[in-house]
Amino acid sequence: MLDIRFIRENTDAVKAAMTHRNADVDVDAVLALDSRRREIVSEAEVLKAERNKVSKSIGQMIKEGKDPEEIKAQVREMGDQISAFDGELREIESKLREGLLYIPNMPAETTPVGKDENDNPVIRSWGEKKGLDFEPKAHWDLGEALGLFDLERGAKIAGSGFPLFTGKGARLERALIQFMLDLHTEEHGYTEIAPPFMCNETAMTGTGQLPKFAEDMYAVPLDGLYPIPTAEVPVTNMYGNEILDKELPILHTAYTPCFRREAGSAGKDTRGLLRVHQFDKVEMVRFTTPETSEEEHEKLTLDAERVLQKLGLHYRVIELCTGDLGFSAAKCYDIELWAPAQDKWLEVSSCSNFKDYQARRANIRYRNEDGKPAFVHTINGSGVALPRLVIAIMENNQNADGSIDLPEVLHPYMGGITKLA
RNA sequence: GGAGAGGUGUCUGAGUGGUUUAAAGAGCACGCUUGGAAAGCGUGUGUGCGCUUAACGGUGUACCGAGGGUUCGAAUCCCUCCCUCUCCGCCA
């Protein structure tokens with residue numbers, strides 16, 4: 001969340017930022033709560049100081065054998081007033097916090113201003129479109145024919161959007177996960193985490209999924225848990241309410257399945273593996289100081305790109321404009337893979353710098369140069385998400401006979417299999 | 001799931017209603033001492049919020065797992081919850 005003091009002192013800038021985001025946020029209502037809160041705190045604390053003083057004198061009187069009943073009655077009255085203040089304060093603080101939780105992050109100064117996804121500039125691209133001398137088949141046809149997945153049976157046991165991989169398709173999932181984890185841990189300096197696949201409400205609030213996006217999450221109400229929509233949630237919140245004494249930056253990578261209800265996107269891009277409710281993903285997370293977060297964000301993005309380069313896949317990097325930026329992000333690059341049969345770019349990674357927005361929500365701090373606690377900056381990105389990666393591999397590397405060549409780096413992970421046929 | 005024991009500051013650890021302003025020790029920082037170091041001695045050593053200050057800081061308040069309650073006053077008493085450990089049960 002944003003620092004209430006920042007909002008107080010930069011009200012116009014905050015309002016302008018919300019306009020650029022197309023976010024409907026009542027900044028003035030939050031400021032009014034803040035102003036009332038400070039009023040009450042001041043008044044209540046004067047009373048508390050007085051009460052503490054008089055209470056102490058009661059102890060003294062008892063020791064001296066004097067009768068304290070009259071003074072007790074006075075202090076009791078003060079106590080009633082204090083209770084009234086504290087009651088109102090509790091109410092105001094909870095409203096204020098709720099209000100702050102619904103205000104998205106400030107876009108970074110370098111984030112391009114724009115209305116929607118059509119205003120996202122392309123930053124760079126790598127590779128080029130493969131010239132296939134035949135009509136490319138869609139991955140759903142290739143996959144069913146080669147026995148890589150069985151979407152009908154997946155739907156039977158869980159519903160549509162819950163893919164079931166079979167045989168070499170299942171092995172390909174495992175191979176890709178392992179390849180990416182090895183790359184990030186052995187060459188990019190990340191420490192691997194194997195986190196819980198469910199998180200509590202506090203963790204989900206820390207990274208910004210709750211309270212605003214509750215309808216996008218699966219839930220296990222009996223236990224107060226949510227199946228994670230991304231490893232970002234457990235891996236970021238693992239340091240919640242801590243002052244880190246480790247050297248920054250901290251780099252973590254984690255494989256987890258991800259669970260998303262995809263409410264609101266029903267009927268859009270639903271064929272095959274394009275948009276599913278459960279998918280595998282390797283995530284990267286960096287905890288940095290404010291001074292280095294921009295640089296670390298660039299590095300993390302390159303780490304994701306490296307995965308695609310090693311796999312030999314044509315991709316481009318776009319930057320999200322203010323109107324398309326995610327709720328908690330200040331700056332974000334999306335990486336998209338070219339899929340010939342779809343004739344489309346598919347998003348496989350979203351690399352975001354959250355600055356101190358998540359750290360303030362989750363209360364993740366470090367000690368700055370003065371030794372004072374300060375919020376870290378968090379950065380994360382997919383490195384990368386599997387379903388669309390699998391789509392790109394299948395559709396780009398297909399042959400006229402319906403077989404699929406596997407990228408060389410995967411051969412060892414596939415037990416020597418070089419081609420899906 | 002059942003029974004029991006616990007949760008105090010960076011750490012160890014005392015504290016069962018009122019100079020506790022959380023003892024003491026360790027650690028850390030600075031200073032003295034020293035040829036240099038160790039030992040010794042001295043001083044300091046948390047976080048959030050409010051007010052104040054140009055700033056350093058000052059001041060008030062809250063914080064002893066979390067949240068409520070009792071009381072003039074709570075680390076201390078009561079209630080609910082969370083977590084850790086031990087034993088039992090169940091179990092991959």
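What you are looking at is a predicted structure, and each value in this text was computed from that prediction instead of being measured. Order of the sequence lines sets the chain letters (A, B, ...), proteins ahead of strands, with each chain counted from 1.
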Categorize A:Asp245 for me: base, sugar-phosphate, or nothing, with a 4.0 angstrom heavy-atom threshold over every strand shown.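 Answer is nothing: A:Asp245 stays at 4.0 Å or more from every strand.
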
Could you tell me whether A:Arg36 contacts a base, only the sugar-phosphate backbone, or nothing, with contacts defined as non-hydrogen atoms closer than 4.0 Å? nothing

I'd like to know whether A:Thr207 forms a side chain to side chain donor-acceptor pair (under 3.5 Å) with A:Asn237, so could you lay out the CA-CA distance, the side-chain angles of the two residues, the decisive distance to 0.1 Å, and finally the verdict. CA-CA 7 Å; A:Thr207 26; A:Asn237 285 286; 3.3 Å; yes

Which of parallel (below 30°), tilted (30 to 60°) and perpendicular (above 60°) describes A:Tyr333 and A:His297?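 A:Tyr333 and A:His297: parallel rings.
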
Can you classify the ring geometry of A:His188 versus A:His184 as parallel (below 30°), tilted (30 to 60°) or perpendicular (above 60°)?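 Answer is tilted, since the angle falls between 30° and 60°.
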
Could you work out the separation of [N] and [M] based on their [atom1] atoms and round it to a whole Å?
{"N": "B:rG7", "M": "B:rG67", "atom1": "C1'", "value": "16 Å"}
{"N": "B:rC81", "M": "B:rA24", "atom1": "C1'", "value": "34 Å"}
{"N": "B:rU21", "M": "B:rG9", "atom1": "C1'", "value": "15 Å"}
{"N": "B:rA39", "M": "B:rG27", "atom1": "P", "value": "8 Å"}
{"N": "B:rU20", "M": "B:rC72", "atom1": "P", "value": "23 Å"}
{"N": "B:rU12", "M": "B:rA66", "atom1": "C1'", "value": "24 Å"}
{"N": "B:rU84", "M": "B:rU76", "atom1": "C1'", "value": "22 Å"}
{"N": "B:rG69", "M": "B:rC90", "atom1": "P", "value": "43 Å"}

Between [options], which nucleotide has the shortest distance from any of its atoms to the side chain of [X]?
{"X": "A:Arg38", "options": "B:rC49, B:rC51, B:rG18", "value": "B:rC51"}
{"X": "A:Ile58", "options": "B:rG68, B:rU61, B:rG18", "value": "B:rG18"}
{"X": "A:Ser42", "options": "B:rG60, B:rU21, B:rG50", "value": "B:rG50"}
{"X": "A:Ser55", "options": "B:rC72, B:rA62, B:rG50", "value": "B:rC72"}

Just name whichever nucleotide pairs with [N], Watson-Crick or G-U, keeping both distances under 3.5 Å, else none.
{"N": "B:rG9", "result": "none"}
{"N": "B:rU43", "result": "B:rA29"}
{"N": "B:rG73", "result": "none"}
{"N": "B:rG89", "result": "none"}
{"N": "B:rG67", "result": "B:rC79"}
{"N": "B:rU34", "result": "none"}
{"N": "B:rG17", "result": "none"}
{"N": "B:rC56", "result": "none"}

Which whole-number value in Å describes the distance from [X] [atom1] to [N] [atom2]?
{"X": "A:Ile243", "N": "B:rU47", "atom1": "CD1", "atom2": "C1'", "value": "7 Å"}
{"X": "A:Leu89", "N": "B:rG48", "atom1": "CG", "atom2": "C1'", "value": "13 Å"}
{"X": "A:Ile82", "N": "B:rG73", "atom1": "CD1", "atom2": "P", "value": "8 Å"}
{"X": "A:Ile4", "N": "B:rG48", "atom1": "CD1", "atom2": "C1'", "value": "16 Å"}
{"X": "A:Leu222", "N": "B:rG1", "atom1": "CG", "atom2": "P", "value": "11 Å"}
{"X": "A:Asp370", "N": "B:rA55", "atom1": "CG", "atom2": "C1'", "value": "13 Å"}
{"X": "A:Arg37", "N": "B:rA62", "atom1": "CZ", "atom2": "C1'", "value": "13 Å"}
{"X": "A:Ile40", "N": "B:rC49", "atom1": "CD1", "atom2": "P", "value": "17 Å"}

Judged by each residue's nearest nucleotide on RNA chain B, which is more toward the 5′ side, A:Pro373 or A:Val75?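 This one resolves to A:Pro373.
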
By nearest nucleotide on RNA chain B, pick out whichever of A:Glu45 and A:Glu93 is the more 5' one. A:Glu93

Whether A:Arg367 and A:Asp245 form a salt bridge (side-chain N of Lys/Arg under 4.0 Å from carboxylate O of Asp/Glu) is what I want to check. no

Ionic contact status for A:Glu187 with A:Arg306, cut-off 4.0 Å: yes

Residue pair A:Thr230 / A:Lys281: nearest heavy atoms and the distance that separates them: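 Nearest pair, atom of A:Thr230 first, then A:Lys281: OG1-NZ, 2.9 Å.
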
Side-chain donor-acceptor pair present, A:Gln358, A:Thr378, cut-off under 3.5 Å: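 Per modelled atom types, A:Gln358 and A:Thr378 side chains form a pair under 3.5 Å.
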
Please confirm whether the shortest side-chain N or O distance from [X] to OP1 or OP2 of [N] is below 4.0 Å.
{"X": "A:Arg76", "N": "B:rG73", "result": "no"}
{"X": "A:Arg365", "N": "B:rG48", "result": "yes"}
{"X": "A:Arg5", "N": "B:rG48", "result": "no"}
{"X": "A:Arg51", "N": "B:rC72", "result": "no"}
{"X": "A:Asn52", "N": "B:rA62", "result": "yes"}
{"X": "A:Arg367", "N": "B:rG46", "result": "no"}

May I ask you to check whether A:Phe179 and A:His411 place their ring centers less than 6.0 Å from one another?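 Centroid distance A:Phe179-A:His411: not below 6.0 Å, so no.
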
